[in-house]
Amino acid sequence: MKTRSKNIKRIVLLLLMLALATWVATRWNVWFGNPDELAVQPLKAPGHVMLTFGDESEMSRNVSWQCDTVLQPSRLELVCLDTNDTTDIDAEGEVFKSRKGKAAYYVARLRQLRPESHYRYRVLSGGLSSQWYSFQTYALGRDKFSFLFVGDVQDTIGGVANKLLMEAWAQHPEVEFLVCGGDLTERPANQYWNETFRDLDSIGQSMPMLNVTGNHDYFKGIIRRLERRFPLVFSYFLDSKVGDNMVYTLNYGNAQIFVLDSNREFFYLWSQRKWLEKKLLQSEAKWKILVLHHPLYSIKKKNNNLIQRWMFDDLVRQYGVDLVMQGHEHAYARRIGGVYKNGAPAIPVYTVSHCSPKNYRIRFDESFDKFGISSRYYQTVNVSGDTLSMATYDAYTHALYDSLMVVVSPSKAHLVIDLGKDIPENMEFTPDPTNKKDLKFAERIQEYVKSHPERMKTKN
């Protein structure tokens with residue numbers, strides 16, 4: 001009997017080990033799989049030009065570009081169209097070696113820009129130049145401006161992100177810069193970076209770009225690793241990062257934007273927490289906006305991103321952050337997170353958004369005020385005096401999908417006015433009949449629709 005009992009235990013243990021091995025095998029690529037990188041011919045002339053912000057000042061700019069595989073004398077030629085003054089700005093260079101080749105990257109730091117001015121510029125390396133690009137600056141100390149926000153883009157090779165972004169800009173020509181909530185690039189490989197530059201063609205050279213790190217920007221592994229290429233392109237991180245954390249803050253008008261590097265391990269996030277608290281404590285901005293990739297309140301699984309929430313959410317509430325803009329979960333959701341004693345909705349407002357061809361199945365957490373699935377979205381944020389407005393649009397139709405205002409009351413309270421509750425929610429979803437998860441998600445959608453008929457109809 002003892003021998004038989006031992007054999008049964010061994011068989012059970014063996015079966016458990018086989019089940020564990022099978023499960024690990026199915027998840028291995030998700031945890032550790034990095035796509036192969038294709039070799040790309042180096043640029044013979046300066047290209048992949050990117051205009052970003054520079055230091056914490058709204059009047060600073062950086063311009064990064066690539067050219068060849070060896071460092072050459074490089075500079076940026078800047079012309080102020082209002083005065084006809086021309087300035088040459090020397091560039092710093094660095095050779096970056098990827099898994100399948102190398103390229104020389106350059107950055108020129110523009111720190112002498114004038115407010116309310118129009119500029120043309122081109123970059124030069126080794127005697128060769130790029131085409132001319134243009135941008136403008138605005139008056140300092142304003143309490144009126146707007147910007148465009150997109151969550152994950154992660155476009156497929158030859159995708160339509162550039163078309164959608166150009167249309168969004170044309171629909172809202174008043175926006176002054178573009179903010180991306182991470183995962184702008186599908187994966188850290190040459191072919192996907194080339195697609196990112198194609199996505200930003202005619203945009204990233206004329207509208208300052210502010211991008212945060214996402215999980216797709218990192219190499220998978222037990223310890224996550226970010227390529228040096230990322231801060232060489234989004235070059236404000238070269239000076240702003242804290243340790244290995246890609247953090248940054250920008251003062252713009254009467255607002256301050258704080259950027260976190262949320263795809264990190266606990267001890268990195270702890271150092272980011274200390275940085276964020278210090279910056280929030282020092283901030284004198286009327287409007288505070290936090291941008292990070294991982295939602296502090298997940299719409300996929302209840303316990304997702306708990307470390308990020310524990311690290312940052314109490315600071316968001318303690319220091320009066322108005323708007324928390326996030327990506328990662330490939331749907332749209334919005335949550336009003338505060339309430340005053342009289343029951344009035346209050347900051348912070350949390351949003352999750354994406355502009356990617358991929359859509360994820362989500363759960364419909366009752367703490368959220370609005371959801372959107374099966375499409376792509378972008379947002380505009382407008383500041384005007386004592387009002388901050390956020391509007392969300394369907395990226396395909398450019399129809400208004402959500403809207404709210406944060407208004408500073410005479411008592412200095414930041415009140416939230418929900419203008420999106422009268423706009424029907426998009427709950428269209430066609431499941432794959434062979435996919436059990438799709439079928440379960442379709443059932444979940446129907447349950448949500450039945451329990452929230454008021455969110456599905458336009459109110460008169």
Checklist entry - Are the side chains of Phe234 and Met209 in touch, meaning some heavy atoms are under 4.5 Å apart? => result yes
Checklist entry - Could you walk me through whether Met207 and Leu51 pass the side-chain contact (heavy atoms from CB on, under 4.5 Å) check? => result CA-CA 7 Å; Met207 184 191 298; Leu51 174 69; over 6 Å; no
Checklist entry - Ile347 and Val406: which non-hydrogen atoms are nearest, and at how many Å? => result CG2-CG1, 3.7 Å
Checklist entry - Going by an N to O cut-off under 4.0 Å, is there a salt bridge joining Asp438 and Arg361? => result yes
Item to check | Ring centre gap for Phe429 and Phe441 strictly below 6.0 Å | outcome: yes
Next on the checklist: Would you compute the distance between atom CG of Leu200 and atom CG of Leu165 and round it to the nearest 0.5 angstrom?
Outcome noted: 7.0 Å
Item to check | Ion pair Glu56/Lys279, N-O distance below 4.0 Å | outcome: yes
Item to check | Tyr401 and Tyr377 aromatic centres sub-6.0 Å | outcome: yes
Next on the checklist: Within the 4.5 Å heavy-atom criterion, are Val324 and Val349 side-chain neighbours or not?
Outcome noted: no
Next on the checklist: For a 4.5 angstrom cut-off between non-hydrogen side-chain atoms, does Glu447 reach Phe364?
Outcome noted: no
Checklist entry - Taking the inter-plane angle between the rings of Tyr378 and Tyr393 on a 0 to 90° scale, is it parallel (under 30°), tilted (30 to 60°) or perpendicular (over 60°)? => result parallel
Checklist outcome for this item: To the nearest 0.5 Å, atom CG of Asp418 lies from atom CE of Met405 at 10.5 Å
Item to check | Note: Arg187-Asp217 ion pair, threshold 4.0 Å (strictly below) | outcome: no
Checklist entry - Are any non-hydrogen side-chain atoms of Trp65 and Tyr105 less than 4.5 angstrom apart? => result no
Checklist entry - Less than 4.0 Å between a side-chain N and a carboxylate O, is that true for Lys358 and Glu186? => result yes
Checklist outcome for this item: To the nearest 0.5 Å, atom CG of Leu388 lies from atom CG of Asp143 at 12.0 Å
Next on the checklist: Do the side chains of Asp322 and Lys288 get close enough for a salt bridge, i.e. N-O under 4.0 angstrom?
Outcome noted: no
Checklist entry - At what distance, to the nearest 0.5 angstrom, does NE2 of His216 lie from OG1 of Thr185? => result 11.0 Å
Checklist entry - Is it the case that Asp394 and Ser375 place a side-chain donor and acceptor less than 3.5 Å from each other? => result yes
Checklist entry - Any side-chain donor-acceptor pair under 3.5 Å between Arg309 and Tyr297? => result no
Item to check | Residues Arg229 and Glu37 bridged, charged N to O under 4.0 Å | outcome: yes
Checklist outcome for this item: Smallest heavy-atom separation, Val321 atom then Pro348 atom, equals O-CB, 3.3 Å
Checklist entry - So, is the end of the Lys241 side chain (NZ or CZ) under 6.0 Å from the ring centre of Tyr248 and within 45° of the ring's axis? => result no
Item to check | Basic-acidic side-chain contact under 4.0 Å: Lys286, Asp386 | outcome: yes
Checklist entry - Taking only residues two or more places apart in sequence or in another chain, which ones pass side-chain contact (heavy atoms from CB on, under 4.5 Å) with Ser202? => result Met166
Checklist entry - Going from OG on Ser262 to CG on Asn305, what distance comes out if it is rounded to the nearest 0.5 angstrom? => result 7.5 Å
Checklist entry - Aromatic ring centroids of Tyr448 and Phe371 under 6.0 Å? => result yes
Item to check | Gap separating the OG1 atom of Thr351 from the CG atom of Asp402, nearest 0.5 angstrom | outcome: 9.0 Å
Next on the checklist: Quick one about Gln154 and Ser356 (side-chain donor to acceptor, distance below 3.5 Å, no hydrogens or angles considered), yes or no?
Outcome noted: no
Next on the checklist: Test side-chain contact (heavy atoms from CB on, under 4.5 Å) on Thr392 and Arg334; report intermediate values, then the result.
Outcome noted: CA-CA 10 Å; Thr392 300; Arg334 185 255 293 165; over 6 Å; no
Checklist entry - Are Glu329 and Lys300 within salt-bridge range, i.e. N to O under 4.0 Å? => result no
Checklist entry - Taking atom types as modelled and ignoring hydrogens, do the side chains of Ser411 and Ser409 form a donor-acceptor contact shorter than 3.5 angstrom? => result yes
Item to check | Trace of the side-chain contact (heavy atoms from CB on, under 4.5 Å) decision for Met59 with Leu140 | outcome: CA-CA 8 Å; Met59 208 52 60; Leu140 288 170; 3.3 Å; yes
Checklist entry - Are side-chain heavy atoms of Ile289 and Met390 found at a separation under 4.5 Å? => result no
Item to check | Considering all heavy atoms, the nearest Phe219-Glu227 contact | outcome: CE1-CG, 3.3 Å
Checklist entry - So, are Glu77 and Arg120 salt-bridged, with charged N and O less than 4.0 Å apart? => result no
Checklist entry - Of all heavy-atom pairs between His330 and Asp152, which one has the smallest distance, and what is that distance? => result NE2-OD2, 3.2 Å
Next on the checklist: Please give me the minimum heavy-atom distance between Met456 and Pro424, naming the atom from each residue.
Outcome noted: O-CB, 3.4 Å
Checklist entry - Are any non-hydrogen side-chain atoms of Ile157 and Tyr192 less than 4.5 angstrom apart? => result yes
Item to check | ring-ring contact (aromatic ring centres under 6.0 Å, His included) contacts touching residues 267-294 (sequence neighbours left out) | outcome: Trp287-His414, His293-His328, His294-His328
Next on the checklist: When you compare the side chain of Met50 with that of Val63, does any pair of heavy atoms fall below 4.5 Å?
Outcome noted: no
Checklist outcome for this item: In terms of heavy-atom contacts, Arg99 and Ala189 come closest through NH2-CB, 3.7 Å
Item to check | Check ion pair Glu366-Arg335 (N to O, under 4.0 angstrom) | outcome: no
Checklist entry - Could Arg111 and Asp55 be called an ion pair, given the rule that one side-chain N must be under 4.0 Å from one carboxylate O? => result yes
Checklist entry - Does a side-chain heavy-atom distance below 4.5 Å link Tyr138 with Tyr252? => result yes
Item to check | Intermediate values then yes/no, side-chain contact (heavy atoms from CB on, under 4.5 Å), Asp313 and Arg317 | outcome: CA-CA 6 Å; Asp313 196 46; Arg317 295 174 181 275; 3.2 Å; yes
